[in-house]
Amino acid sequence: MGQKVSRNDFEWVYTEEPHASRRKIILEKYPQIKKLFGHDPNFKWVAGAMVLTQILALFVVKDLSWLWLVLLAYCFGGILNHSLMLAVHEISHNLAFGHSRPMHNRILGFICNLPIGLPMSISFKKYHLEHHRYQGDEVVDTDIPTLLEARLFDTTFGKFLWVCLQPFFYIFRPLVINPKPPTRLEIVNTIIQLTFNVAVVYFFGWKAMAYLLIGSILAMGLHPVAGHFISEHYMFAKGFETYSYYGPLNWITFNVGYHNEHHDFPAVPGSRLPEVKRIAKEFYETMPQHTSWTRVLYDFVMDPSVGPYARVKRRQRGLAS
């Protein structure tokens, strides 16, 4: 099973999450960052092109052997689907059309969701905004592994399995630790997604549908682009709960690697986050950062000091200590 992790509990802190206070300090020194707030008018075209590319790919994959289909799903389709998941992430902050046109954002979210295969755009928004507001909260922040996950996957091999199974934990963890009744838009999202899936099977066959679903699942697990799931908030350096990555994979992930910058300024679209770093560089260059998402995955699995326990947690208000 490999070496057992050295931690036996999460990193409990009793301070507020760090981003709101740093945002205030940075804006006092660099008020021009407010000019970067707002939506990105080019975003919808980039995201729409990704959706169209995946639909066109269905004409190719429907006649492939299963081996080539899985390889293409891992090396191409999964990357596009993961990018579309991160497009949904941008949309959850209303960065496609701005806060004044919420339904335009939601509709684009439905469209970006289509190649992913599973309805998630509305549900993601519902939980993700709480992750920003209550980062580290033991109940509300569903980005944090459960105690059961941390205890079960506490060896080298266990962590390897946990990385491979990440998509299933991300899907089911919120339903276990912080269940919420479905909203009307979630039902609409589900109906639209199921209708698209049926159309794919009808016109292209089951292999085409498998290509979309397999790509989504593989690219959320043991895949270089999935390294951001771990790089963003797992504690590789004591006392730091958010980390940025400034490498080339940002080009296909809407700059999600600029994660400290994103949490400090969620109203800034991904395309402008490098400018935030350029303006306030002394705030970001001094913090620990990652240089490779692939290396993050390797270190997470092999380093006994890192694992599902390596997360900063805060007690939920009102709960007994």
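What's counted below: heavy atoms across the whole structure, side chains too, no hydrogens, waters or symmetry copies. Worth saying up front: this structure is predicted, and the values here are computed from it rather than measured.
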_Which residues pass the side chain to side chain contact (heavy atoms under 4.5 Å, CB included) test with P182, not counting sequence neighbours?_
E186
_Salt-bridge contact R133-E17 (side-chain N to carboxylate O under 4.0 Å)_ = no
*Applying the ring pair (Phe, Tyr, Trp, His ring centres under 6.0 Å) test to H290, which of Y298, F240, Y243 qualifies?*
Y243
*Between N189 and P119, is there a donor-acceptor pair closer than 3.5 Å when you use the side chain of the first and the backbone of the second?*
no
*Might you confirm whether atom CG of N8 has over 12 heavy atoms from other residues, nucleotides or ligands at distances under 6.0 Å?*
no
*Cation-pi between K62 and F203: NZ/CZ under 6.0 Å from ring centre and within 45° of the ring axis?*
no
_Are H99 and F37, when compared by the centres of their aromatic rings, separated by less than 6.0 Å?_
no
*Sub-3.5 Å donor-acceptor pair from the side chain of N178 to the main-chain atoms of D141, do we have one?*
no
*Answer yes or no: is there a donor N or O on one side and an acceptor on the other, between the side chain of R314 and the main chain of E16, under 3.5 Å?*
yes
*Between E285 and Y246: side-chain donor-acceptor atoms closer than 3.5 Å*: no
For residues 153-173, please give each side-chain donor-acceptor pair under 3.5 Å, one per line with the distance, not counting sequence neighbours.
| residue | atom | partner | partner atom | Å |
| --- | --- | --- | --- | --- |
| D154 | OD2 | K4 | NZ | 2.3 |
| T155 | OG1 | M1 | O | 3.2 |
| T155 | OG1 | G158 | N | 3.0 |
| T156 | OG1 | Q3 | N | 3.2 |
| T156 | OG1 | Q3 | O | 3.3 |
| K159 | NZ | F300 | O | 2.8 |
| K159 | NZ | V301 | O | 3.2 |
| K159 | NZ | D303 | O | 2.7 |
| K159 | NZ | V306 | O | 2.7 |
| W162 | NE1 | E149 | OE1 | 2.9 |
| Y170 | OH | D143 | OD1 | 3.2 |
| R173 | NE | E149 | OE2 | 2.9 |
| R173 | NH1 | T142 | O | 3.1 |
| R173 | NH1 | D143 | O | 3.3 |
| R173 | NH2 | E149 | OE1 | 2.9 |

*Do Y258 and Y284 have ring centroids that are under 6.0 Å from one another?*
no
*asked:* Tell me if the aromatic rings of H259 and H228 count as close, with their centers under 6.0 Å from one another.
replied: no
*Would you confirm whether the ring centroid of H104 sits within less than 6.0 angstrom of the ring centroid of H39?*
no
*Identify the heavy atoms of M209 and N197 that sit nearest to each other, and give their distance.*
CE-OD1, 3.4 Å
